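By convention here, the first residue in the shown sequence is residue 1. Note that the structure is predicted; figures quoted are calculated from it, not measured. Both counts, for ligands and for their atoms, begin at 1 and track the order of listing.
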Amino acid sequence: MAKRIVTLPGDGIGPEIMAPTLSILRELGDFDFEEHLIGGAAIDACGVALSDETLAAARSADAVLLAAVGGPRWDSTDPQAPRPEQGLLGLRKGLGLYANLRPVRPLPALAEASPLRAQLIEGVDLLVVRELTGGIYFGEKRREADSASDLCIYSEAEIERIARSAFGLARAKVTSVDKANVLETSRLWREVVSRVHSEEFPHIALEHMLVDNAAMQLLAAPRHFDVILTENMFGDILSDEAAMLTGSIGMLPSASLGAGGPGLFEPVHGSAPDIAGRGLANPLAMFLSAALMLRLGLRMEAEAAAIESAVAGALDAGLRTSDLGGSATTAEATRAVLEGLMARKS
Ligand code: IPM
Ligand code: MG
């Protein structure tokens, strides 16, 4: 039976990068795509960023593919106003997707596109494992007359399961990133990660690094890292920073997985309202997210690898969208990757 994929184009450039991704997937297999609203588009249509209907559809799918949410149209500091991001956060929480994987593997063809020197990024192959359903993102939020607070809370069980994901994915080393010199949650994080390590994964090296230092080391010595294990907000920030090792945030895919059930696959970048509607968006992170969906969500390794090699081939042949310093449009980027996929069959 064809795999059922819930597609969530969302806002801004979302629909422009989702449509070509479906054309790429159609080249590779027989899928049932079912489109639903999320984010600002859902707020406009039904007043909430994530409707019960969208969440129920996602829950019963084989995999969920999301493009991007958000935009200035829905920006507001009013705590009562619905926000597009609630759609994404609600989906992550609702599907129990606690493990967010963000691989950072700069392609040789893009060595010159990174703001860092090519010799520094050569050979970088790291994975950010970000805890995605806890911490300050989901702790109680309060707004008083003249103050506000966001609670950062982690349970041992939440830290244990994400630590297991990280150690299980590491080849040789896990760098656990925290702020244990200041935060109580970080001290618990350090204790629990160390315990999971010594009891279950003693063959993997473990180091602890403070988040400010990690931010510096990512630029000073990115090859130092194998798996970076960290909590929700630190992972959000460090993964945007790490994205620039690849030349553009327009290149970074991600996978969010839980304990069984469908995974969510989405590019790390946002909805880019500044270029939305102009056909200029780089669709490659979205294509690479579809590849992660095939590999991790649907166990279609050959098809996943085919997308990745078609993307690398297109870049080798000179494809550059504007974020990479070129002038290729979304349609041209799509054609280049599609041609690579068809060439493999002949
Ligand atoms: C990300 C994004 C989201 C996050 C936003 C859109 C809520 O920045 O996936 O990294 O902070 O998790
Ligand atoms: Mg982010």
Side-chain angles (χ1 to χ4, degrees), residues 8-15 17-18 37-43 48-50 54-55 58 64-77 79 81-104 126-139 141 150 152 154 158 162 177 211 214-215 218 228-246 248-258 263-274 276 281-282 285-286 288-290 292-293 323:
L8 305 170
D11 309 317
I13 60 169
I17 57 173
M18 181 63 82
L37 293 171
I38 195 165
I43 293 175
V48 288
L50 177 67
T54 296
L55 181 59
V64 183
L65 196 57
L66 181 141
V69 296
R73 233 159 89 63
W74 305 279
D75 267 348
S76 153
T77 55
R83 299 190 56 87
E85 291 78 10
Q86 290 163 342
L88 182 53
L89 298 178
L91 194 60
R92 290 171 177 171
K93 192 75 169 180
L95 297 177
L97 306 172
Y98 62 85
N100 181 224
L101 315 182
R102 299 185 161 183
V104 180
L126 65 87
L127 175 69
V128 178
V129 177
R130 169 188 175 193
E131 199 293 324
L132 202 59
T133 51
I136 198 167
Y137 271 58
F138 291 94
K141 299 183 185 308
D150 298 272
C152 183
Y154 269 110
E158 284 175 314
I162 191 68
V177 172
V211 62
L218 260 176
I228 296 177
L229 160 64
T230 193
E231 62 96 59
N232 205 342
M233 185 157 74
F234 296 159
D236 177 45
I237 298 168
L238 292 180
S239 59
D240 266 35
E241 184 188 3
M244 286 316 289
L245 302 170
T246 66
S248 166
I249 195 160
M251 294 301 304
L252 222 63
S254 84
S256 304
L257 308 173
L264 170 68
F265 303 86
E266 55 171 321
V268 169
H269 65 69
S271 60
D274 50 326
N282 177 354
M286 185 81 233
L288 294 172
S289 300
L292 286 184
M293 175 183 82
D323 56 310

Quick note on ligand 1: atoms under 4.0 Å from a heavy atom of Tyr137 include exactly 4 (C), 11 (O), 12 (O)

query: If you measure every N/O of Asp240 against every N/O of ligand 1, is any gap under 3.5 Å?
result: no

(message) Can you confirm whether Arg83 sits close enough to Asp75 that some side-chain heavy atom of one is under 4.5 Å from a side-chain heavy atom of the other?
(response) yes

In terms of its nearest heavy atom to atom 1 (C) of ligand 1, the top option of His269, Arg102, Glu266 is Arg102

min-distance protein heavy atom vs atom 2 (C) of ligand 1 -> Asp236 OD1, 3.9 Å

Here the atoms of ligand 1 under 4.0 Å from any heavy atom belonging to Glu85 are 6 (C), 7 (C)

(request) For the pair Cys152 and Glu231, evaluate side-chain contact (heavy atoms from CB on, under 4.5 Å) and give the outcome as yes or no after the intermediate values. (result) CA-CA 10 Å; Cys152 183; Glu231 62 96 59; 4.1 Å; yes

Which atom of Asp236 is nearest the Mg ion (ligand 2), counting N, O or S only? It is OD1

Task: Min side-chain heavy-atom separation Val211-Thr230 under 4.5 Å - done: no

Exercise for review: Indicate yes or no: at least one non-hydrogen side-chain atom of Leu218 is less than 4.5 angstrom from one of Leu245.
Suggested key: yes

Is Gln86 close enough to touch ligand 1? Criterion: a residue heavy atom under 4.0 Å from a ligand atom.
no

Close approach of Met233 to ligand 1, heavy atoms, under 4.0 angstrom: no

Specify whether an N/O/S atom of Asp240 falls short of 2.8 Å from the Mg ion (ligand 2).
no

